[in-house]
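What follows is a set of notes on a single structure, which appears directly below.
All values below were derived from every heavy atom in this structure, side-chain atoms included, with hydrogens, water molecules and symmetry-related copies excluded. Fair warning: this is a prediction, and the values are worked out from it, not measured in the lab.
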Amino acid sequence: MKKLLPLILSLAAFSAQSRELPAWQQLEFEQQALWVSARSKISVAAISDGGAHPIWRLHAESSVAGNLERVAVEFDADSGRAIYRSRFSQGKNRRHKEYRYQSDAVTRLRREPPGADSTEAPADWPITSERKLSLPVQFEGSVVSTPWLLLLLACDALAHPYTVARFIVHTDFNYYEVTARLTGTEELEVKNPAGTVPAAGTHLVKVVGLQIRPINPLADKPDFMLLGLSDDISILYDSNNHLPLQLRGRAPKIGRTHIDLKAAVLRQTQL
C-alpha cells in the first residue's frame, strides 16, 4: 500500500471556518542567555466584526539589551491576511516603518524623526523611504501574513493533524513560504511561580513544526524571525487551552535554544 501523503492546504483554505479569539488575551515570553534577558509581550483583540470578514489587531512589544520594538498588525481574522503593519524600533536610533498590504504587493514606508529631540508621534515623522515590494508572480493572489501572526495561525494545525498548512509570510523586504504541521506530542515541565498562568507542573503539549523557506530571489539578506528565533521553529501548545508554552529554534550568537511562556492573561481571567 502506498504511503498516504499529507494534504497541503493554503492558509485561506486551512482557515475556511470562522476563527474565534484565542483563550489568551495576553502572553509574556522570556529568554535568558549570555547574561541578557529578552522579553516579549503579545496581545490580540477584535477591532471590528467586519461582517463576513472580522478584523483583529495584534500588538507585540519586545525588549533586549536596551533595544525596544513595538509592532502592531491589523489582519483579517479568518484568513490571516495582513492589512496593515507598523513597527517602531528604538536603540541607538529611532525608526518607524509602515507596511500596507495589497493583493500583489506591499507598500513599505520608512519614517525617521526630524531631529534627535523630536517629540512628534512616529506616525507623523517625515517619510525617508518608500518602496513597493511586489509579490512573486507565482504567488500573486495568495494570502500574505506576517511572522507574529504565526503564533495564532499555526495553532490551526492542532485541528487538522493530517494536513500541512502553507503560509506566505512577509518580513521587511522579503517573502517566505512557511509550512506548519502537527509533529507529535510530549510532556513539558513548567516551573512558573505558584498562582501564575500557565501553572507549574507537567503539561501535555502538542508540537507544531514550522518549516521556513525563502522565496527566491530575496530582496534583502535573510531576516525571518519569530520572537528572535529563525530557521525551522517548533511551537509547543498546551493540549487543554492551546497556550503556546514554548518555542524552539535557532537564535543569533546562541544557536539552538528555546523561549518559555512566563505569564498569560486568559480572556475570562484578570490576573
Side-chain angles (χ1 to χ4, degrees), residues 8-12 14 38 40 58 60 62 64 67 69-76 79-89 91-93 95-112 127-154 157 164-181 208-235 247-257 259:
I8 299 178
L9 298 177
S10 68
L11 177 55
F14 202 67
S40 296
L58 179 143
S62 302
V64 57
N67 296 307
E69 177 190 73
R70 294 192 185 100
V71 173
V73 185
E74 294 182 8
F75 62 103
D76 179 277
S79 70
R81 177 179 60 86
I83 299 170
Y84 173 83
R85 174 163 60 113
S86 65
R87 177 182 181 269
F88 169 82
S89 60
K92 293 182 179 180
N93 300 299
R95 299 183 182 89
H96 180 76
K97 297 177 182 178
E98 299 175 27
Y99 308 87
R100 299 169 184 173
Y101 292 83
Q102 299 94 41
S103 60
D104 61 348
V106 178
T107 299
R108 176 189 184 273
L109 303 176
R110 172 171 164 161
R111 300 175 184 269
E112 297 183 37
I127 295 174
T128 57
S129 173
E130 181 172 351
R131 185 167 171 180
K132 186 174 182 178
L133 308 168
S134 296
L135 191 64
V137 175
Q138 67 270 35
F139 295 105
E140 285 184 1
S142 298
V143 171
V144 177
S145 193
T146 72
W148 284 106
L149 296 184
L150 290 172
L151 280 173
L152 283 169
L153 305 177
V164 177
R166 186 193 72 165
F167 314 124
I168 305 303
V169 176
H170 165 253
T171 52
D172 188 15
F173 289 105
N174 298 325
Y175 291 98
Y176 292 81
E177 185 174 15
V178 180
T179 57
R181 65 178 299 179
V208 175
L210 304 180
Q211 288 191 325
I212 298 133
R213 300 292 179 264
I215 296 177
N216 292 315
L218 292 179
D220 198 8
K221 62 183 180 181
D223 62 346
F224 185 97
M225 286 283 177
L226 176 58
L227 279 140
L229 300 179
S230 61
D231 293 338
D232 291 345
I233 296 170
S234 294
I235 306 177
L247 280 77
R248 297 171 181 168
R250 184 177 297 276
K253 301 181 181 180
I254 297 174
R256 299 297 299 181
T257 187
I259 299 175

What residues form a salt bridge (Lys or Arg N to Asp or Glu O under 4.0 Å) with [X], not counting sequence neighbours?
X: Arg85; answer: none
X: Glu177; answer: Arg166
X: Glu74; answer: Arg57
X: Asp231; answer: Arg250

If you look at every heavy atom in [X] and [Y], which pair is closest and at what distance?
X: Ser103; Y: Leu135; result: O-CD2, 4.1 Å
X: Val143; Y: Ser79; result: CG1-O, 3.6 Å
X: Phe167; Y: Leu150; result: CD1-CD2, 3.2 Å
X: Gly228; Y: Pro252; result: O-CD, 3.6 Å
X: Gly80; Y: Ser145; result: O-OG, 3.2 Å

Under the side-chain hydrogen bond (donor to acceptor under 3.5 Å, both in side chains) rule, collect the residues that match up with [X], sequence neighbours excluded.
X: Asn67; result: none
X: Asn174; result: Asp223
X: Ser40; result: Ser62

Take Thr171 and Asp220, measure what side chain to side chain contact (heavy atoms under 4.5 Å, CB included) needs, and give me the verdict at the end.
CA-CA 10 Å; Thr171 52; Asp220 198 8; over 6 Å; no
Any [X] side-chain heavy atom under 4.5 Å of [Y] side chain:
X: Leu229; Y: Thr257; result: yes
X: His96; Y: Ser86; result: yes
X: Thr146; Y: Val71; result: no

Would you tabulate the side-chain donor-acceptor contacts of residues 209-219 under 3.5 Å, counting partners in other chains and residues two or more places apart, or write 'none'?
| unit_1 | atom_1 | unit_2 | atom_2 | d |
| --- | --- | --- | --- | --- |
| Arg213 | NH1 | Asp232 | OD1 | 3.1 |

Who passes side-chain contact (heavy atoms from CB on, under 4.5 Å) against Arg248, sequence neighbours left out?
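Residues passing side-chain contact (heavy atoms from CB on, under 4.5 Å) with Arg248: Glu186, Leu188, Ser234, Leu236, Gln246, His258.
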Say you draw a straight line from [atom1] of [X] to [atom2] of [Y]; how long is it, rounded to the nearest 0.5 Å?
X: Ser89; Y: Arg70; atom1: OG; atom2: CZ; value: 11.0 Å
X: Thr107; Y: Leu133; atom1: OG1; atom2: CG; value: 8.0 Å
X: Ile168; Y: Arg81; atom1: CD1; atom2: CZ; value: 15.0 Å

Looking at residues at least two apart in the chain, or sitting in another chain, which of them share a ring-ring contact (aromatic ring centres under 6.0 Å, His included) with Phe224?
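Result, ring-ring contact (aromatic ring centres under 6.0 Å, His included) vs Phe224: Tyr176.
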Taking only residues two or more places apart in sequence or in another chain, which ones pass ring-ring contact (aromatic ring centres under 6.0 Å, His included) with His170?
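Per chain and number, His170 pairs via ring-ring contact (aromatic ring centres under 6.0 Å, His included) with Tyr99, Tyr101, Tyr175.
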What pairs meet the salt bridge (Lys or Arg N to Asp or Glu O under 4.0 Å) rule with one or both residues in residues 99-108, with sequence neighbours excluded?
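Salt bridge (Lys or Arg N to Asp or Glu O under 4.0 Å) check on residues 99-108 returns Glu98-Arg100, Arg108-Asp172.
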Should Leu151 and Leu227 be marked as a side chain to side chain contact (heavy atoms under 4.5 Å, CB included) after you check the CA-CA gap, both sets of side-chain angles, and the distance that decides it?
CA-CA 10 Å; Leu151 280 173; Leu227 279 140; 4.1 Å; yes
